[in-house]
Visitor: 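Have a look at this one before I ask anything.
Reckoned from all heavy atoms, side chains included, excluding hydrogens, waters and symmetry mates.
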Amino acid sequence: RLESDTITCNAVVSACETGGEWRWALQLFGEMEESRLEMNTIAYSKPLSASEKNGQWVQALWLFCEMAHRFVLRDATAYKATVSTCEQSGEFELSLQLLREMGDSLLALQSGSP
């Protein structure tokens, strides 16, 4: 039996997301978390993208918040996918709040603050 690793699982989640199988992508992502595989920015990017493509703003926001909870770097791609999903779903206040937070995060990174 082959042992799963983060790279292999990321590839499978990516294939599911690319193929329009967003439910499978999210299910596999959940199994990665349960298996205690390394959850990094790349691991979150495809589930966020799948949520964005399918207008699943609650799921996208949950994933985005989980990144912070697990101390995973929330990069510009994560912000973009989450903001876009909220905007497409009519959640304009959340979109604006995330944009402000993104600006604050970029300023903190540039100044060397955590």
Side-chain angles (χ1 to χ4, degrees):
R1 179 176 172 177
L2 294 176
E3 196 170 314
S4 297
D5 67 4
T6 301
I7 295 170
T8 304
C9 288
N10 283 343
V12 174
V13 170
S14 179
C16 289
E17 184 270 335
T18 301
E21 297 292 338
W22 65 274
R23 286 189 174 98
W24 279 108
L26 294 174
Q27 181 177 337
L28 290 169
F29 176 80
E31 290 176 15
M32 285 177 67
E33 285 187 313
E34 290 174 11
S35 298
R36 304 258 187 236
L37 293 175
E38 178 188 353
M39 302 305 287
N40 56 25
T41 304
I42 295 168
Y44 280 89
S45 68
K46 289 302 177 180
L48 274 170
S49 178
S51 298
E52 177 185 15
K53 287 180 181 175
N54 293 282
Q56 302 293 317
W57 73 271
V58 173
Q59 183 71 41
L61 195 59
W62 181 83
L63 288 164
F64 188 78
C65 290
E66 272 296 296
M67 290 177 81
H69 177 72
R70 296 180 182 273
F71 304 103
V72 174
L73 176 67
R74 297 188 296 185
D75 63 1
T77 303
Y79 273 100
K80 181 212 164 286
T82 309
V83 167
S84 176
T85 307
C86 290
E87 182 182 13
Q88 291 170 18
S89 301
E91 298 296 327
F92 301 113
E93 286 294 321
L94 279 172
S95 295
L96 291 172
Q97 181 179 345
L98 288 166
L99 286 170
R100 282 190 295 271
E101 182 182 317
M102 183 173 74
D104 292 345
S105 294
L106 290 175
L107 287 174
L109 285 173
Q110 289 176 348
S111 69
S113 302

Visitor: Identify, with sequence neighbours excluded, every residue that meets salt bridge (Lys or Arg N to Asp or Glu O under 4.0 Å) alongside R23.
Guide: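 Testing R23 for salt bridge (Lys or Arg N to Asp or Glu O under 4.0 Å), a comparison that skips the adjacent residues, returns none.
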Visitor: Filter on salt bridge (charged side-chain N to carboxylate O under 4.0 Å, His left out), then keep only pairs touching residues 54-78, sequence neighbours left out; what's left?
Guide: E33-R70, E66-R70, R74-E101
Visitor: Tell me, which pairs form a ring-ring contact (aromatic ring centres under 6.0 Å, His included) where one or both residues lie in residues 8-54, sequence neighbours left out?
Guide: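 Passing the test, one end in residues 8-54: F29-Y44.
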Visitor: Counting C-beta onward and ignoring hydrogens, is there a side-chain heavy-atom pair between T85 and L48 closer than 4.5 Å?
Guide: no
Visitor: Rounded to the nearest 0.5 Å, what's the gap from CG on L37 to SG on C9? Could you check?
Guide: 5.0 Å
Visitor: Under a 4.5 Å side-chain heavy-atom rule over Ile, Leu, Val, Met, Phe, Trp and Tyr, are V58 and F64 clustered together?
Guide: yes
Visitor: Quick check against the 3.5 Å criterion: does N40 have a side-chain atom that pairs as donor or acceptor with the backbone of I42?
Guide: yes
Visitor: Please collect all side-chain hydrogen bond (donor to acceptor under 3.5 Å, both in side chains) contacts where either partner lies in residues 86-99, sequence neighbours excluded, each pair once.
Guide: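 Those involving residues 86-99 are S84-Q88.
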Visitor: What residues form a salt bridge (Lys or Arg N to Asp or Glu O under 4.0 Å) with E21, not counting sequence neighbours?
Guide: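 Testing E21 for salt bridge (Lys or Arg N to Asp or Glu O under 4.0 Å), a comparison that skips the adjacent residues, returns none.
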Visitor: Just how far is it from atom CE of M67 to atom OG of S45, taken to the nearest 0.5 Å?
Guide: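 Output value for this atom pair is 8.0 Å.
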Visitor: Please find the pair of heavy atoms, one from L63 and one from S51, that lie closest to each other, and give the distance.
Guide: CD1-OG, 3.8 Å
Visitor: To the nearest 0.5 Å, what is the distance between CG on N54 and CD on Q59?
Guide: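 Those atoms lie 10.5 Å apart.
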Visitor: Count the heavy atoms belonging to other residues, nucleotides or ligands that lie under 6.0 Å from CG of L96, then report whether that count exceeds 12.
Guide: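 Result for CG/L96: enclosed.
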Visitor: Only counting residues at least two apart or in another chain, list the ones meeting salt bridge (Lys or Arg N to Asp or Glu O under 4.0 Å) with E17.
Guide: K46, K53
Visitor: Got a second to check how far M39's CE is from T6's OG1, nearest 0.5 Å?
Guide: 8.0 Å
